[in-house]
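Throughout, numbering of the chain's residues begins at 1 and tracks the sequence.
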Amino acid sequence: MMGSAIEVKRLFLKMGDFQLKNISFDIHPKEIFAILGKTGAGKTLLLESIAGFYRSMEGGIFLEGKNVLDIPLTERKIGFVYQDYGLFPHMTVRKNISYGLKMQKKSKKEIAEKVGHMAEIMSISHILEQYPDTLSGGEKQRTALARSLVLNPGVLLLDEPFSALDPVTKAAMYKELLKINEQFDCAILFVTHDFTEAQKLARRIGIMDKGCLKAVRNSVELFDYYQNDELNQFFGIMKGDCV
């Protein structure tokens with residue numbers, strides 16, 4: 001689909017006893033899109049599929065019109081941040097952020113400049129020589145985002161990015177995500193089980209259940225009545241509420 005940052009087209013993927021089934025949707029350039037669902041709905045597996053981690057999937061994942069599996073890993077321009085941040089514990093913050101640049105064989109000068117600039121943007125210049133186990137949740141989050149954003153991704157994938165944060169830090173990171181969306185011109189896809197979070201940050205929201213994408217709605221319509229009893233139960237919607 002022309003004009004899409006991501007197009008997921010009739011995706012099927014079986015992992016053990018679990019399966020993603022016939023998922024299709026697209027994400028516009030620079031859009032913030034949320035995938036909402038219960039634990040075990042398949043949200044993380046969908047993110048990993050979009051990143052091109054599985055060659056056994058059926059259907060297609062397209063990045064700006066190109067099949068993700070046909071794009072070399074270092075050229076996919078996809079940033080991925082897991083729920084636990086996935087920082088390398090034996091590396092300092094500086095080395096964590098520079099890791100992808102080293103894999104791309106950038107010069108030491110370019111790496112130093114880009115890491116320094118990104119650290120300033122993410123307000124973590126003061127912790128560059130620290131190790132992950134000494135960081136707060138917010139600092140780990142910013143470091144993980146910096147490691148992804150330093151590669152200038154066109155798409156940023158976030159797995160439950162705010163679930164481990166305290167309310168004050170979470171509110172600050174909400175603002176940070178909106179700023180990242182504007183400053184880096186990247187599409188952002190994040191998964192969550194938090195209704196309020198999805199509505200607050202995303203322009204459109206996909207609702208997943210048991211490996212299926214049940215609906216895609218504009219955030220302002222999230223609590224409108226569904227022609228699906230399970231979704232109405234999930235959102236606590238009664239038919240009389242919508243008369």
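Residue Gly37 comes nearest to Phe234 through the heavy atom pair CA-CZ, 4.1 Å, listed as atom of the first residue, atom of the second, then distance. Ser49 and Leu13 get closest at one heavy-atom pair: OG-CD2, 3.2 Å. Taking all atoms of both residues into account, the shortest heavy-atom contact from Leu222 to Gln199 is CD2-CG, 3.5 Å. The two residues Glu221 and Tyr226 come nearest to each other via the heavy atoms O-OH, 4.4 Å. Here the closest non-hydrogen pair linking Thr192 and Ala198 is CG2-CB, 4.0 Å. When every heavy atom of Ala51 is checked against every heavy atom of Arg76, the shortest pair comes out as O-NH1, 3.0 Å.
Residues Gln130 and Ile127 are in side-chain contact: their nearest non-hydrogen atoms beyond the backbone lie under 4.5 Å apart. At least one side-chain heavy atom of Ile78 sits under 4.5 Å from a side-chain heavy atom of Val68. Put simply, the side chain of Leu36 does not reach to within 4.5 Å of the side chain of Met208, judged on heavy atoms. A heavy-atom distance below 4.5 Å is found between the side chains of Glu110 and Lys114. Contact annotation: the side chain of Val81 approaches that of Leu145 to within less than 4.5 Å [non-hydrogen atoms, C-beta and beyond]. Residues Leu63 and Lys66 have side chains not in contact (no heavy-atom distance under 4.5 Å, counting atoms from C-beta outward). The shortest distance between side-chain heavy atoms of Gln83 and Ser163 falls below 4.5 Å. Using a 4.5 Å heavy-atom threshold, the side chains of Lys38 and His193 count as separate.
Glu230 meets the salt bridge (charged side-chain N to carboxylate O under 4.0 Å, His left out) test with Lys210; sequence neighbours excluded.
Judged by distance alone, with hydrogens and angles left aside, the side-chain atoms of Asn218 form no donor-acceptor pair with the main-chain N or O of Val220 at under 3.5 Å. Panel note: side chain Gln104, backbone Leu101; no donor-acceptor pair is recorded below 3.5 Å. Panel note: side chain Lys14, backbone Gly16; a donor-acceptor pair is recorded below 3.5 Å.
In this structure, CD in Glu139 is found 7.5 Å from OG1 in Thr134, a value given to the nearest 0.5 Å. For the atom pair Ile23 CD1 and Gln19 CD, the distance stands at 9.5 Å (nearest 0.5 Å). Atom CG in Leu177 sits 13.5 Å away from atom NZ in Lys170 (nearest 0.5 Å). Rounded to the nearest 0.5 angstrom, Arg217 CZ and Ile205 CD1 are separated by 10.5 Å. Within the model, atoms CG of Asn181 and CD1 of Ile32 stand 3.5 Å from one another, a figure rounded to the nearest 0.5 Å. Rounding to the nearest 0.5 Å places CG of Asn232 at 4.5 Å from OH of Tyr225.
Under a hydrophobic-cluster definition in which Ile, Leu, Val, Met, Phe, Trp and Tyr are linked whenever side-chain heavy atoms come within less than 4.5 Å, directly or via other members, Leu46 and Leu69 are assigned to the same cluster. Grouping the Ile, Leu, Val, Met, Phe, Trp and Tyr side chains by contacts below 4.5 angstrom, directly or via other members, places Leu156 with Met118. There is no path of hydrophobic side-chain contacts, each under 4.5 Å, that joins Ile207 to Leu45. Hydrophobic clustering of Ile, Leu, Val, Met, Phe, Trp and Tyr side chains at less than 4.5 Å, counting indirect connections, unites Leu128 with Leu151. Using a 4.5 Å cut-off between side-chain heavy atoms of Ile, Leu, Val, Met, Phe, Trp and Tyr, with links allowed through other members, Ile27 and Phe190 fall into different hydrophobic clusters.
The only member of Ile35, Val191, Asp84 that meets side chain to side chain contact (heavy atoms under 4.5 Å, CB included) when paired with Asp159 is Val191.
Remark: aromatic rings of Phe25 and Phe33 are close, center separation under 6.0 Å.
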> Does the salt bridge (charged side-chain N to carboxylate O under 4.0 Å, His left out) test come out yes or no for Lys179 and Glu182, once each step is laid out?
Replying inline: CA-CA 5 Å; Lys179 187 170 77 172; Glu182 290 184 8; over 6 Å; no

>> Walk me through whether Glu176 and Ile180 qualify under side-chain contact (heavy atoms from CB on, under 4.5 Å).
In response: CA-CA 6 Å; Glu176 197 70 46; Ile180 286 168; 4.3 Å; yes

>> Between Lys43 and Glu160, does the side-chain contact (heavy atoms from CB on, under 4.5 Å) criterion hold? Intermediate values first, please.
In response: CA-CA 9 Å; Lys43 303 186 299 296; Glu160 296 276 6; 3.7 Å; yes

> Does the pair Leu213 and Val8 meet the rule for a side-chain contact (heavy atoms from CB on, under 4.5 Å), with working shown?
Replying inline: CA-CA 11 Å; Leu213 186 67; Val8 181; over 6 Å; no

>> Could you go through Leu11 and Asn22, starting from their C-alpha distance and side-chain angles, then the distance that decides it, and tell me whether this counts as side-chain contact (heavy atoms from CB on, under 4.5 Å)?
In response: CA-CA 5 Å; Leu11 172 66; Asn22 197 25; over 6 Å; no

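Between Phe53 and Phe80, the ring planes are parallel. Angles under 30° get that label, and only those over 60° would be called perpendicular. A perpendicular orientation is assigned to the rings of Phe223 and Phe235, their planes being inclined by more than 60° (bins at 30° and 60°).
By the neighbour-count criterion of 12 heavy atoms within 6.0 Å, atom NZ of Lys9 is sparsely surrounded, having that number or fewer from other residues, nucleotides or ligands. Within 6.0 Å of atom CG in Asp229, 12 or fewer heavy atoms from other residues, nucleotides or ligands are found, so the atom counts as exposed in its surroundings. Within 6.0 Å of the NZ atom in Lys77, the count of heavy atoms belonging to other residues, nucleotides or ligands does not exceed 12.
Comment: Arg10 does not engage Glu58 in a salt bridge, judged by the lack of any side-chain N to carboxylate O separation of less than 4.0 angstrom. Salt-bridge check for Glu197 with Lys200: failed, with every basic side-chain N at 4.0 Å or more from each acidic carboxylate O.
One side chain, Glu48 or Tyr54, offers a donor N or O that lies under 3.5 Å from an acceptor on the other.
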Which side-chain N or O atoms in residues 87-99 pair as donor and acceptor under 3.5 Å with protein atoms at least two apart or in another chain?
| from | atom 1 | to | atom 2 | distance (Å) |
| --- | --- | --- | --- | --- |
| Thr92 | OG1 | Lys95 | N | 3.2 |
| Arg94 | NE | Glu129 | OE2 | 2.7 |
| Arg94 | NH2 | Glu129 | OE2 | 2.6 |
| Asn96 | OD1 | Phe88 | N | 2.8 |
| Asn96 | OD1 | Arg147 | NH1 | 3.1 |
| Asn96 | ND2 | Phe88 | O | 3.2 |
| Asn96 | ND2 | Met91 | O | 3.1 |
| Asn96 | ND2 | Thr92 | O | 3.1 |
| Ser98 | OG | Arg94 | O | 3.2 |
| Ser98 | OG | Lys95 | O | 3.1 |

